[in-house]
Participant: 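This is the structure I want to talk about, given as structure tokens.
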Amino acid sequence: MSFNLLFFIVFLSQLLLISYYYPKQILNRINFVLKKYPPDSYPKLYPESATKLNIGRRVFQGLNLIIIIIGLTAMFSSGVLSSDNETKLVNIDDLILLFGMLQFLPFLLMEIAGFKQFKLMRKSDLRTSRTAELIPRRLFDFVYPVLVWTAVLMFAGSLLFVFYIHEFTLTPDFITMAISLSLCNTLFIGLTIFNLSGKTLDPYQSKKDRIKQIEFTVRSFVFISIFVSIFMAGTIAFKKFELDQYQIIFNSFYWQLIAIFSIGAMLKKIKVEDIDFDVYKDDKKPG
Amino acid sequence: MEITINIDDPVPLFSQLVQQIKMAVINKKISPGDALPSIRQLANDLALNSKTVAKAYRLLERDSVIQTKGYRGTFIHPDAVVNSTIDLNEWIFTKLNETISTLRESGVTDSEIRIAFNNALTGRHNQGEKHVI
């Protein structure tokens with residue numbers, strides 16, 4: 001199998017997984033919720049009109065379609081299917097990285113829309129009584145300590161590895177990696193603290209669902225932290241050992257793993273059928 | 001164990017929190033040694049200002065219902081059950097009543113008591129000396 005064909009398969013898998021399969025799953029979930037829990041009976045779930053939600057759904061669908069077209073066009077126009085231009089592929093590793101970021105853009109926009117939705121929910125929540133559990137939420141209640149320690153070791157290990165391959169000298173590559181990795185992990189720590197003790201985003205969410213959501217989010221952060229450490233160390237190692245052609249496949253695998261452990265895990269762990277939607281029912285309506 | 005507060009209730013929010021935690025201890029819904037949520041967590045869960053929760057925790061700590069163990073967090077005090085039954089407001093009322101009765105028996109008028117009480121509260125009589133009730 002030629003290297004170009006191998007790359008074609010891996011990149012096509014990235015394209016379909018992140019911009020077709022997962023968006024389709026998410027849209028199916030939205031359709032299921034809209035059908036089974038309509039705005040008439042569950043008004044608290046829709047602080048904005050269903051029309052606006054449909055626009056958002058279409059934008060999400062459209063963006064993913066555009067990304068697929070861009071991906072396929074780029075793939076065929078770069079001639080990845082021919083066997084004589086392997087050198088060409090060496091220079092597109094950064095492009096794969098950027099394309100992966102572009103693929104996550106619709107999901108990011110969806111998250112932002114979700115935050116806005118929660119803000120409106122909190123604004124429209126006029127209940128005067130508020131309840132809270134008298135139980136502390138601690139990190140290790142949601143994630144195995146061994147997993148957290150693995151992430152810490154991967155962070156330190158990847159830094160040490162890169163320091164080692166650069167013969168223990170402070171090269172710009174090492175400094176950039178150390179700063180990026182530290183910033184990335186600081187962000188994860190901040191988001192974990194926010195999830196554990198921060199503001200309640202959805203004021204109606206049941207306690208059971210909130211616990212489940214925190215558990216999934218914190219675990220995802222730990223896994224992604226591990227992958228980021230491996231990715232950063234791998235990128236520098238590929239460069240150092242002049243294995244640049246494998247870098248594009250490595251980058252593509254990296255995005256696919258990130259998608260599997262974030263979007264895929266969310267779809268698997270938080271099943272829409274298990275979510276308590278009764279909390280969004282109209283209080284005034286009987287039953 | 002859940003606690004509920006009502007923002008429309010005339011009872012101040014920090015008092016509602018103090019009462020509910022004490023009731024939870026008395027009703028054995030939480031036991032001595034049990035961990036409590038951090039101020040930040042409880043304030044965010046109840047959508048309250050963290051200063052309100054901090055004030056409630058401070059009063060509970062003063063009454064030895066809870067104890068803070070540094071970075072490890074806040075826990076229910078070993079003597080919390082006994083200490084939760086003490087009604088500090090009732091005790092203040094009894095003490096003041098006794099003092100006022102003694103003063104009245106000595107011929108002190110109500111307005112003189114009021115002025116003296118205010119002075120004692122603001123520490124105006126003995127400058128530099130603080131009176132803590």
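Keep in mind the model is a prediction, meaning the values are calculated, not measured.
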Participant: Apply the test side chain to side chain contact (heavy atoms under 4.5 Å, CB included) to residues Asp45(B) and Lys207(A): give CA-CA distance (whole Å), side-chain angles for both, the deciding distance (0.1 Å), then the verdict.
Facilitator: CA-CA 11 Å; Asp45(B) 284 0; Lys207(A) 300 279 176 284; over 6 Å; no

Participant: Which one of Ser38(B), Pro37(B), Gly73(B), Ala43(B) has the most heavy-atom pairs closer than 4.5 Å to chain A?
Facilitator: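 Counting heavy-atom pairs under 4.5 Å, the top option is Pro37(B).
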
Participant: Would you indicate whether Lys269(A), at its atom NZ, is surrounded by more than 12 heavy atoms from other residues, nucleotides or ligands within a distance under 6.0 Å?
Facilitator: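 It does not: Lys269(A) NZ has 12 such atoms or fewer within range.
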
Participant: Report, as yes or no, whether the 6.0 Å neighbourhood of atom CZ on Phe93(B) holds more than 12 heavy atoms from other residues, nucleotides or ligands.
Facilitator: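 No, the 6.0 Å shell around CZ holds no more than 12 heavy atoms from other groups.
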
Participant: Is Asp8(B) salt-bridged to Arg127(A), cutoff N-O under 4.0 Å?
Facilitator: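 Not counted as a salt bridge, because no side-chain N and carboxylate O are separated by less than 4.0 Å.
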
Participant: In this structure, which one of Leu13(B), Ile5(B), Thr4(B) forms a side-chain contact (heavy atoms from CB on, under 4.5 Å) with Arg130(A)?
Facilitator: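 Single side-chain contact (heavy atoms from CB on, under 4.5 Å) partner of Arg130(A) among Leu13(B), Ile5(B), Thr4(B): Ile5(B).
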
Participant: Write out, in numerical order, the residues from residues 50-61 of chain B with a heavy atom short of 4.5 Å from a heavy atom in chain A.
Facilitator: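 So far as heavy atoms go, nothing in residues 50-61 of chain B approaches chain A to under 4.5 Å.
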
Participant: Just checking heavy atoms, which of residues 182-204 of chain A are less than 4.5 Å from chain B?
Facilitator: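 Heavy-atom contacts from residues 182-204 of chain A to chain B are Ile193(A), Phe194(A), Leu196(A), Ser197(A), Gly198(A), Lys199(A), Thr200(A).
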
Participant: Output all residues satisfying side chain to side chain donor-acceptor pair (under 3.5 Å) with Asn83(B), sequence neighbours left out; order by chain, then residue number.
Facilitator: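 With neighbours one apart ignored, the set is empty.
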
Participant: Under 4.5 Å, heavy atom to heavy atom, which residues of residues 133-150 of chain A contact chain B?
Facilitator: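 Hits under 4.5 Å: Glu133(A), Leu134(A), Ile135(A), Pro136(A), Arg137(A), Arg138(A).
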
